[in-house]
Number of protein chains: 2
Amino acid sequence: MGKKIISEAVVKRLPKYYRAVKHLSEQNVEKISSKHLAELLGITASQVRQDFCNFGGFGQQGYGYDVEKLKSELATIIGLDEQYNVVIVGAGNIGRALGGYQGFEKYGFKVQAMFDTNPIVDNVNGIKVYNMSQFGEYVQTHKTDMAVIATPKAAAQSVADTIIANGIKSIWNFAPIDLRIPDDIAIENISMSESLLVLSYRAKIKNK
Amino acid sequence: MGKKIISEAVVKRLPKYYRAVKHLSEQNVEKISSKHLAELLGITASQVRQDFCNFGGFGQQGYGYDVEKLKSELATIIGLDEQYNVVIVGAGNIGRALGGYQGFEKYGFKVQAMFDTNPIVDNVNGIKVYNMSQFGEYVQTHKTDMAVIATPKAAAQSVADTIIANGIKSIWNFAPIDLRIPDDIAIENISMSESLLVLSYRAKIKNK
DNA sequence: GGGTAATTGTCAAAAAAATAACTTGACAAA
DNA sequence: TTTGTCAAGTTATTTTTTTGACAATTACCC
């Protein structure tokens, strides 16, 4: 499959483009130029054009980008045209907050179930909480595509191993650890502690 | 103040260094070479040395880096030698999860209070929830250094404005929006929706 | 103590990313 | 038609980041 490798930097901007374009669409804006879009995101017009060019380009010279078309192209690129079934592992603080996270539904993800080694509630926001021992059986029979790791650090690697062993290919990891995973698994980390330390660093610098 | 500007790429690695070195310290490891540390983080030894060199370098040729010294240098650089008082704005799903977030305490941050425009609970994990109308008065009298924005998108900018107007210089933002803030304010965003879309993109690519 | 291996700090080269410049097609108005 | 303008797509340049190389320094062994 001869697909071009898109750099990490570009990939990280895709959601920003999508968000901005979605907003424009909701405002019934019909077209947008690279210059104007760049201003909205605080980047350069050149970068916008170069980024879109990576995916073939979907604008019209002298006119700009058609907002609806751009939105649907971006959605396809990002994969929002597909339906993902998601399970959440860990029903603690973070897991429960994620059970109520609107973003899943908004972008077409369906949260099927939650798992915990020691469930103290049997239901979060209408999502049933199962014992972790039932994980394998569940995901084998429910076409699960993606798993969220919301466990403590100590459990995260073994949970990841279990997830992968059961054929799930995408992991959203909230545990503060770099998981060891095979190349064919998609992973994305939300590292709150790292973010907090970056903020701490910036705060210190600014107050100097 | 003649301080060198540290690139964003380096800053983002600082927490990773700190985490790794802290772990080594807990294992009673006494010294570490750039080579070994690099292996732990999955980067090159050269980059480790280059990064540390930005801050003056604290290793010893032929020996390596003393773990305790490195840990304390990194803590100082990151600002963990200072105490921050924190308030959380927004007592919904995310705000409540953050009220129970262990990371604050672990890194020396003190959560003083929470605020909500319409508090439905008066206490989260022992943290008192105030009405947003009391925000100004509270932070003026409690030496608050940092605010967390855990409100819906629509409220985020005006909350940010209020935070800044009351003299708080650091913002940890969980709302899915790029806030407009002055240059002298430190900000760090946790963008769950962007992260989820990046994962969606990667999942789609990997399954091609 | 002297020789050898290890490892830093730093500089230079290479690679990657961002920005700027250029070329071309599309459209509107004359 | 023709022409001027706009803005995308593309190529070139600059800047930033990463990697590679090496002299200088130190620990350790004999």
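In what follows, chains carry the letters A, B, and so on, assigned in the order in which the sequence lines appear, proteins first and then strands, with residues in each chain numbered from 1. Just so we're clear, the structure is a prediction, and the values are computed from it rather than from any experiment.
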With B:E8 via side chain to side chain donor-acceptor pair (under 3.5 Å) - residues at least two apart
A:R202
Roughly, in whole Å, what's the span from [atom1] in [X] to [atom2] in [N]?
| X | N | atom1 | atom2 | result |
| --- | --- | --- | --- | --- |
| A:F55 | D:dT10 | CZ | C1' | 17 Å |
| B:K12 | D:dT18 | NZ | P | 12 Å |
| B:K35 | D:dC22 | NZ | P | 18 Å |
| A:Y17 | D:dA8 | OH | P | 12 Å |
| A:H36 | D:dA8 | NE2 | P | 12 Å |
| A:I6 | C:dA17 | CD1 | P | 11 Å |

side-chain N/O A:S34 vs D:dA8 OP1/OP2, d < 4.0 Å
yes
Side-chain N or O of A:R13 closer than 4.0 Å to phosphate OP1/OP2 of C:dA17
no
Summarise how protein sits on nucleotides 25-30 of chain C as a single string, 5' to 3': B when a protein heavy atom is under 4.0 Å from the base, S for sugar-phosphate-only contact, - for no contact.
BSS---
Using a 4.0 Å cut-off on heavy atoms, which residues in residues 20-30 of chain A reach DNA chain C? List them by number, or say none.
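None - not one residue of the stretch has a heavy atom sitting under 4.0 Å from the strand.
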Please list, in numerical order, the residues of residues 37-54 of chain B that have a heavy atom closer than 4.0 Å to any atom of DNA chain C.
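Correct list: B:R49, B:Q50, B:C53.
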Using the test salt bridge (charged side-chain N to carboxylate O under 4.0 Å, His left out), find all partners of B:E68 that sit at least two apart in sequence or belong to another chain.
none
[X] [atom1]: over 12 foreign heavy atoms closer than 6.0 Å:
| X | atom1 | result |
| --- | --- | --- |
| B:E137 | CD | no |
| B:E30 | CD | no |
| B:H142 | NE2 | yes |

Hey, mind stepping through A:I78 and B:K204 against side chain to side chain contact (heavy atoms under 4.5 Å, CB included) and telling me if it holds?
CA-CA 7 Å; A:I78 292 170; B:K204 186 163 185 176; over 6 Å; no
Name the atoms and distances for all side-chain donor-acceptor pairs under 3.5 Å in residues 158-180 of chain B, with sequence neighbours left out.
from, atom 1, to, atom 2, distance (Å)
B:D161, OD1, B:Q157, NE2, 3.0
B:T162, OG1, B:S158, O, 2.9
B:N166, OD1, B:Q140, NE2, 2.9
B:N166, ND2, B:T162, O, 2.8
B:K169, NZ, B:D184, OD2, 3.2
B:W172, NE1, A:S195, OG, 2.8
B:N173, OD1, B:A175, N, 2.9
B:N173, ND2, B:A175, O, 3.2
B:N173, ND2, B:I177, O, 3.3
B:N173, ND2, B:N189, OD1, 2.9
B:D178, OD2, A:R19, NH2, 3.3

Are any of the side-chain heavy atoms of B:Q112 and B:V139 separated by less than 4.5 Å?
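They are not in contact (no side-chain heavy atoms under 4.5 Å apart), so the answer is no.
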Please work out whether the ring planes of A:Y138 and A:F115 are parallel, tilted or perpendicular, with thresholds of 30° and 60°.
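Perpendicular, since the angle between the ring planes exceeds 60°.
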Give, for atom CZ of A:R13 and atom CD of A:Q47, the distance between the pair rounded to the nearest 0.5 Å.
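With rounding to 0.5 Å, CZ (A:R13) is 3.5 Å from CD (A:Q47).
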Is the centre of the B:F52 ring less than 6.0 Å from the centre of the B:F58 ring?
yes
